[in-house]
Amino acid sequence: MTDLTRLASDKVVARFCPSPTGNPHVGMARTALFSWAFARHHGGDFVFRIEDTDASRDSEESYELLVDVMRWLGLDWDQGVEVGGPDGPYRQSERMDIYVEVTERLLDAGLAYKAYDTAEELEERRELARAEGRPSGYDGLHRDLTPEQQAAFEAEGRKPVIRFKMPVRDYAFNDLVRGEVKIPASDVQDFVIMRANGQPLYTLTNPTDDALMGITHVLRGEDLLSSTPRQIALYEAFAQVGIGSGRTPEFAHLPYVTGSGNKKLSKRDPESNLLGYRDQGFLPEGLLNYLALLGWSISADRDVFTLDEMVQAFDISDVQPNPARFDIKKCEAINSDHVRMLSADDFLARIIPFFEFAGLVSTPIADSERKVLAAASGLVQERIGLLAEAVPMLRFLFARDDFAIDEKDAAKNLTEDGLGVVRAAREALAGLTEWTTSSIEAALRTALIEGLELKPRLAFGPVRVAVTGSRISPPLFESLELLGPDLTLARLDAVLA
RNA sequence: GGCCCCGUAGUGUAGCGGCCUAGCACGCUGCCCUCUCAAGGCGGUAACGCGGGUUCGAAUCCCGUCGGGGCUACCA
């Protein structure tokens, strides 16, 4: 018999154990973040396990996305998929023999039993129970079948599921975010731990692995709150049959993250797709900061902080029990603050992939292109909320034959008057012997503000549109300096032609 | 139907019996600054779901009610 016991330890071990179905979503990331922060705060281990016991729904692609997203977010794990560890493997699909053994032990100890009810029979009894106002879970009909009765069912060709025999009593536990939670004995039912085809269910595999991996704190979604008595009962059974350390972990049920309705954000909601956030140019630290705010706060009057600061301050008992709605506007605002907090070099490194992807620079970026971007990045760092926004703002520096002016902006600014301004600007700039921000500014102010007696707004607008292609751009004089005299004059000429 | 969880402005939160004529942030909005857009500065808007208790005193404690959500699978 395999030794499935382990020593109890005081070290905190938390975990994140998603099922690889669909796209990783923000609710998941929030759960992972809190669990991770909890482990880090207590100097414990963080385990990343994959619960792929439902072959019909799980996919390899989804698994890869999950790993990808965790790495992007920077939520590192001490044990788990891809990195290994003492209690592996960390994909449940590779641990089937363990679950079979655990089930056998429970069966042998009389803590679980075979149930032969058909789906139709169960359905019928469920409906009846409901109609009579009774709880509609399993009624325990096959709990104490004699060997003869079992044999009779077998002879009919029925294949049994394995149900865990829930000790009938009240269950209570202290939820770390909700306090005391009680479930009356009348509402506990025997649940299936193994399908008729021999495949174990989440109800078994999750607590089994938590026990075997020495998980001390289970932080998970609120949807699992009502299944906690089952897990507690299973842990107690494990203790009897020598599985795990004999200790039941602490539980903390995190509230939902909802979308614009009140429904929990699902994997199908586009706004919940994590990789979409990455592609839009959210910073992992910005997204994480925002997610942390959903149910937790670092202090009464501050909401921008680093991951390190969060780890330092994170206390699970400060987490709010009520659900939070995901607000993309605030998420962007928090992200903007983090964009601004980046060092110049870091910011540059982060926007480069967006320019490569847009095809504005070569991939990988050439040194000459990098130089231009480095000089320009400071101009956009405080103007954007998402990294991807840097691309349209600096497109004019890289565009050549494909340079185009926004039609609406042209119609508004390059009117007859506007072209007059452009003409004057062209003349003033053509005569410059020195091409710097200050000389450009001086020349344009002299020619347009003083010469044409224009308000700055009217003076620089047409020039901006002609040269950058848009009414919205980085500061004009700096932009012209970066573009250089040749391209600047050529663009002014182009609109005058 | 049964059971469980939740309930402070539009949104996220602070609040743990007196410091609350309820703070902060996002949003929206007015003004200032300004070459556009941002950023920044100064204002404004708006909340304790409701009803009963307990108490000298309640957003904070208790009960009820209403509302929202979850579970009630051979999903997780």
Side-chain angles (χ1 to χ4, degrees), chain A residues 17-19 21 51-54 56-58 115 117 119 122-123 126-127 129-138 159-163 175 178 181-184 186-189 191-197 199 201-203 205-206 220-229 253 255-256 258 260 262-264 290 293-304 320-334 336 340 379-385 389 393 409 413 441 444-445 448-449 455-461 463-465 468 470-477 479:
Chain A
C17 50
S19 284
T21 62
E51 310 221 322
D52 51 350
T53 53
D54 188 347
S56 65
R57 307 194 328 155
D58 302 326
D117 316 80
L122 289 173
E123 181 62 24
R126 252 200 297 271
E127 270 176 33
R130 191 174 288 230
E132 292 176 354
R134 287 181 287 121
S136 56
Y138 188 63
K159 290 264 182 283
V161 297
I162 310 298
R163 283 185 188 270
D175 189 283
R178 284 154 215 276
V181 176
K182 297 175 189 162
I183 313 282
S186 56
D187 280 283
V188 308
Q189 289 102 20
F191 56 97
V192 177
I193 57 176
M194 189 172 278
R195 293 184 173 99
N197 67 8
Q199 286 177 347
L201 253 23
Y202 161 84
T203 48
T205 62
N206 177 276
R220 43 152 40 164
E222 170 184 358
D223 48 337
L224 295 168
L225 182 62
S226 44
S227 72
T228 306
H253 291 90
Y256 282 118
T258 72
S260 29
N262 274 335
K263 322 165 292 276
K264 128 187 197 199
Y290 173 67
L293 258 17
L294 263 26
W296 183 76
S297 71
I298 196 163
S299 76
D301 56 3
R302 187 159 82 106
D303 57 16
V304 176
Q320 283 254 241
N322 49 304
R325 185 169 307 194
F326 189 87
D327 179 358
I328 188 68
K329 285 250 181 62
K330 174 123 183 182
C331 186
E332 279 188 39
I334 297 287
S336 299
R340 251 129 252 160
L379 300 177
V380 298
Q381 184 170 0
E382 73 166 26
R383 320 193 117 70
I384 62 173
E389 292 166 4
M393 209 168 264
D409 291 349
N413 289 273
E441 173 165 8
L444 289 179
R445 283 195 187 277
L448 308 179
I449 311 291
K455 294 203 163 174
R457 185 184 192 89
L458 293 173
F460 302 128
V463 181
R464 180 189 309 282
V465 170
T468 71
S470 169
R471 191 172 46 80
I472 298 168
S473 84
L476 183 61
F477 316 120
S479 296

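The structure displayed is predicted, hence computed values, not measured ones. Proteins get letters first, then strands, A, B, ... in listed order; numbering begins at 1 in each.
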Practice item. Would you classify G221(A) as touching base, sugar-phosphate or nothing, given that sugar-phosphate means primed atoms plus P, OP1 and OP2, and contacts are heavy atoms under 4.0 Å? Key: nothing
Review point. How is R457(A) classified with respect to the nucleic acid when contacts are heavy atoms under 4.0 Å: base, sugar-phosphate, or nothing?
Key: sugar-phosphate
Review point. Does a side-chain heavy-atom distance below 4.5 Å link P456(A) with I449(A)?
Key: yes
Review point. Is P321(A) touching bases, backbone alone, or none of the nucleic acid, heavy atoms closer than 4.0 Å?
Key: sugar-phosphate
Practice item. Go through the N and O atoms of the side chain of S136(A) and the base of G1(B), and report whether any donor-acceptor pair is under 3.5 Å. Key: yes
Check your understanding: With sugar-phosphate meaning primed atoms plus P, OP1 and OP2, does S227(A) contact a base, only sugar-phosphate, or nothing at under 4.0 Å between heavy atoms?
Key -> nothing
**Study point:** Between G44(B) and C56(B) - P atom distance, rounded Å
**Key:** 38 Å
Point to revise | Out of C75(B), C5(B), C35(B), whichever nucleotide has its closest atom nearest the side chain of E222(A) | key: C5(B)
Review point. When the nearest nucleotide of RNA chain B is assigned to A119(A) and to D301(A) on a heavy-atom basis, which residue is associated with the more 5' position?
Key: D301(A)
Practice item. Using Watson-Crick or G-U wobble geometry with both distances below 3.5 Å, tell me the partner of C35(B), or none. Key: none
**Study point:** Side-chain donor/acceptor of R383(A) to base of C37(B), under 3.5 Å
**Key:** yes
Point to revise | Nucleotide paired to G23(B) in any strand shown, Watson-Crick or G-U, under 3.5 Å | key: U13(B)
Check your understanding: C35(B) base to R464(A) side chain: any donor-acceptor pair below 3.5 Å?
Key -> yes
Revision key, fill the gap. Comparing G133(A) with M194(A), nearest RNA chain B nucleotide closer to 5' gives the residue G133(A)
Check your understanding: So what's G1(B) paired with, Watson-Crick or G-U wobble, going by both distances under 3.5 Å?
Key -> U72(B)
Practice item. May I ask you to say what R163(A) touches in the nucleic acid, namely base, sugar-phosphate or nothing, with a heavy-atom cut-off under 4.0 Å? Key: sugar-phosphate
